[in-house]
Amino acid sequence: MSRTYVYRFGRSATDGAAAMKNLLGGKGANLAEMCRLGIPVPSGFTISTEACTVYTERGRDTALGLIDAEVRAGIAFIEQEMGKRFGNAADPLLLSVRSGARASMPGMMDTILNLGLNDEAVEGLARKTGNPRFAWDSYRRFVQMYGDVVMGLKPVSKEDHDPFEVIIDMVKDSKGVKLDTELDTADLQELVARFKALIRARIGRDFPTDPWEQLWGSVIAVFESWNNDRARVYRELNDIPSSWGTAVNVQAMVFGNLGDHSATGVAFTRDAGTGEDVFNGEFLVNAQGEDVVAGIRTPQQVTLLGSRRWAELAQVAEAERAERYPSLEELMPGLYAQLLQAETQLENHFTDMQDLEFTIQEGRLWMLQTRNGKRTGAAMVRIAMEMLQQGMIDEKTALLRVTPERLNDLLHPVFDAAAMKSADVLARGLPASPGAASGQVVFHADEAEHWARDGKAVILVRQETSPEDLRGMSVAKGILTARGGMTSHAAVVARGMGKCCVSGAGAVHVDPKGRTMTIGERHFAEGDWISLNGSTGEVYAGRIATREAELSGDFGALMALADQHRRLEVRANADTPDDAERARRFGATGIGLARTEHMFFEGARIVAMREMILADDEAGRRQALAKLLPMQRSDFLGLFRAMDGLPVTIRLLDPPLHEFVPHDEAGQQQMAREMKVSPGKIALRVEQLAEFNPMLGHRGCRLGISYPEITEMQARAIFEAGLEAQDKGCAVKAEIMVPLVGTVREFNAQAAVIRATAEKVFAERGRTLPYMLGTMIETPRAALVADSIGRQAEFFSFGTNDLTQMTMGFSRDDAAKFLPQYLKLGLYEHDPFRSIDQKGVGLLVQMAVEKGRSVRPGIEVGVCGEHGGDPASVAFFHRAGLDYVSCSPFRVPIARLAAAQAALQDAAA
Ligand code: PEP
Ligand code: MG
């Protein structure tokens, strides 16, 4: 038997079903499903995606030849169901033609409405409805859409206006009116005539009057739209194969603008903002779908409850509400009851919140679309957990319903939705660390501290940040940098602090000396208010009200459920007891990375650190290190106590020493005074420390190898703190980690210092502390020789930030200069510093895990780069068999959920 290309849907027959999305597209499949459920849907048919593929591969004639008879039968079916004839001038059957791919591709393809009208049919429609204005308005809309979508009469360049809109404006001007609704029948007739003349002049062909020619033209235009530029780019970015094709939905038109017994609206089966289980929506009497969205008239609420809530917010008194803005429930109770029944039936059937479109034509309800509704993160969690409690879905479905990244919405302060409406966008940067912040601009970290001490809310604005800015960052409400990418210092530190940050906002010109910043034409001085949205990267002028996030009961329940299903452990990157406590609150079961260098910037510590850097010999360094020892010990004690028996992974000093010295003259002068040495000596040392490429320079274990006394001090601080914590009744699980190893000999050299120090401390105290000694795998070479390293190291922790930078061969701090363009061109699918490059860097991870386990079965392997908090990367690490991921505290819940989803998907595969 030959293949079927056309699938009918209607009262008397329906060929498709919801499960046939691949063949019918999302929209077509759901229209068919609604018909099967007995819900009133204007009759129609869907031309399958396979027909589109035939068109693309074999051309117009073959495709039309294959579908011709079926489409004609489909039209006959609609005619029979609707009691009208296609092309009958006295009472024409009018159609809509819409695309509908298997995956939703928002804004990609086009729609044609009112198909079937021509100079005769419009008169028939006017007579039949007794409403000539309506008929002519429908006709002019059709000619306009057809001229644009099918005949290709579009603006010539991006500066050009839509040629049809230009004509509408001209006619409105000559009439002296502002709104389309003020145009009368004669005006609309003039528009139609002018539109047709424009088409003839510009395209060289007449607007087709034959309804069949209109139909075939529209079907072909939808097929064509599958391969337009927008669609191609969207597909490439979203991994949608071009072989899928789009379906075409041809459906009888129904009108909500036929008078006071007609209406049109949209509705949600639950609240898309909060998730509350209440039916809600908006509608307009005597209107078309686009009028609801256009915002010219105030839409009314579907339910009485919604209407009363709306009136309260809009400060409309009950009497006025009932009189001027009654709900559909009050206005058309019978139709409302039908709508309510349909929404309940649809939500129960699809077991998810539905987004519905409906039209009431002269007292009759029609459903035009149902699909799973978009929702906020908060609504996502609440709907999933309530549907689980209501027995509508199972645990697995509930977990998979929540997009991990969207949990961000619940974890950070958010801008008040009402206040956002009038926000004044100044610039866009990278959404480096989520959250919302408003504050007064300051340009120096120490000034941020002073202002904050005076109780002011500040936004720290820097060209880029460095470890010197840490304290200023920690007191700021938000951080804005002009340079730097998603793993720049500012971004990483801000995420760790759970602080809002926008990085790499190239349009921002910072003048730290003059204490001003310029964005385009606008100037901001110290103390001016700005606001940042770290979730979108937007920068706004002025102050915008924020709301604190609440971790509701549903959120906790979702997390508990995730924990039951995941295999990966989730630890946190935390450098302070505060961070550690927050991490535990968010459910981390260990610290996967404590970056010890962050501890050296506070107060007197930086002085001792600089003393060590300035020292001429080992004795001098040891003297300075002796001052650091007690401070470092108390840091570790704080971490051990906060984690009480959970693993604490401490990494030895990693950054190049030049990060600890001032680079400007004033700073060097001050340091000279503090150190009681000449400014010349400081300048000389700073110059000696300068490197062409510090990220590939004297850093990581290379420091500990050059100066073993640093490693010795840090190891001693760890062991002494561990023993002290035990004395205080805490369980201690210490894991010591050597950074940036490339050969096992580097690891061995550092391990020898650490082990010898352990022996010494244990002998002094007469007690031992169990500990693990492992390494980061963050140079490509370490991954390549992981078997040799694994014979010596007791655990691996992948530093995927460095591993990415070294594998890709571009710097994490400079990539923002070209990566955005790369992403736009599709050279990379995503920022490899945000989501792991699975095929390249990921291969090194997989290989190192295998090699490590081949020599040390059961070796503990984790990841502590930024990727540990990225859901797609977490799924990859799950499949690669890692034991844990470690990420900033605020991403811990995201990683927990992502790990559960990975386990569920793994089990299903
Ligand atoms: C890494 O390189 O992935 C890592 C965790 O270390 P850092 O970001 O401190 O270089
Ligand atoms: Mg690193």
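All ligand and atom numbering here is 1-based and tracks the order in the structure.
Contacts between Arg651 and ligand 1 below 4.0 angstrom, taking non-hydrogen atoms only, involve the side chain exclusively. In Arg699, the part holding a heavy atom less than 4.0 Å from any atom of ligand 1 is the side chain. Under 4.0 Å from ligand 1, not a single heavy atom of Leu803 appears.
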Please list every donor-acceptor pair under 3.5 Å in which a side-chain atom of residues 770-788 meets a protein atom from a residue at least two apart or in another chain.
unit_1	atom_1	unit_2	atom_2	d
Thr775	OG1	Val738	O	3.2
Glu778	OE2	Leu740	N	2.8
Thr779	OG1	Val741	O	3.0
Thr779	OG1	Ala782	N	3.1
Arg781	NH1	Gly742	O	2.9

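Residue pairs meeting the side chain to side chain donor-acceptor pair (under 3.5 Å) criterion with at least one partner in residues 688-700, sequence neighbours excluded, are Asp654-Arg699, Arg685-Gln688, His698-Ser706, Arg699-Asp802.
Residue-ligand proximity: Glu597 is placed with every non-hydrogen atom at 4.0 Å or more from ligand 1. Under a 4.0 Å heavy-atom criterion, His598 is not in contact with ligand 1. By the 4.0 Å heavy-atom criterion, Glu866 is excluded from the residues contacting ligand 1.
Under the 30°/60° scheme for interplanar angles, the aromatic rings of Phe636 and Phe640 are found to be tilted. Using bins of under 30°, 30° to 60° and over 60° for the plane-to-plane angle, the ring pair Phe833/Phe810 lands in the perpendicular bin.
Checking Ser888 against Asn573 by side-chain atom types alone, no donor-acceptor pair falls below 3.5 Å. Side-chain contact check for Glu712 and Thr757: no donor-acceptor pair (N or O, by modelled atom type) lies under 3.5 Å. Between the side chains of Arg571 and Thr649, a donor-acceptor pair is found at a separation under 3.5 Å.
In summary, the atoms of ligand 1 found under 4.0 Å from a heavy atom of Leu593, numbered by their order in the structure, are 5 (C). Ligand 1 places these atoms under 4.0 Å from at least one heavy atom of Glu778: 1 (C), 2 (O), 4 (C), 6 (O). Proximity to Gly799 (heavy-atom distance under 4.0 Å) selects the following atoms of ligand 1: 1 (C), 2 (O), 3 (O). Remark: ligand 1 atoms within the under-4.0 Å shell around heavy atoms of Met776 are 4 (C), 5 (C).
Every side-chain contact (heavy atoms from CB on, under 4.5 Å) that Thr481 has, sequence neighbours left out, goes to Thr465, Ile479, Ala490, Ser503.
Inside a sphere of radius 2.8 Å centred on the Mg ion (ligand 2), the protein N/O/S atoms present are Glu778 OE1, Asp802 OD2.
Among protein heavy atoms, atom 5 (C) of ligand 1 sits closest to Cys864 O, 3.5 Å. Among protein heavy atoms, the minimum distance from atom 9 (O) of ligand 1 is reached at Arg595 NE, 2.8 Å.
Note on Glu611 versus Lys627: salt bridge recorded, some NZ/NE/NH1/NH2 to OD/OE distance being below 4.0 Å. Classification of Arg853 and Asp883 as a salt-bridged pair holds, one side-chain N sitting under 4.0 Å from a carboxylate O. Using a cutoff of 4.0 Å between basic side-chain nitrogens and carboxylate oxygens, Arg651 and Glu597 are scored as salt-bridged.
Within the 3.5 Å criterion, the main-chain N or O of Ala642 finds a donor-acceptor partner in the side chain of Arg584.
If you check each of Asp802, Asp654, Thr800 against atom 2 (O) of ligand 1, the one with the closest non-hydrogen atom is Asp802.
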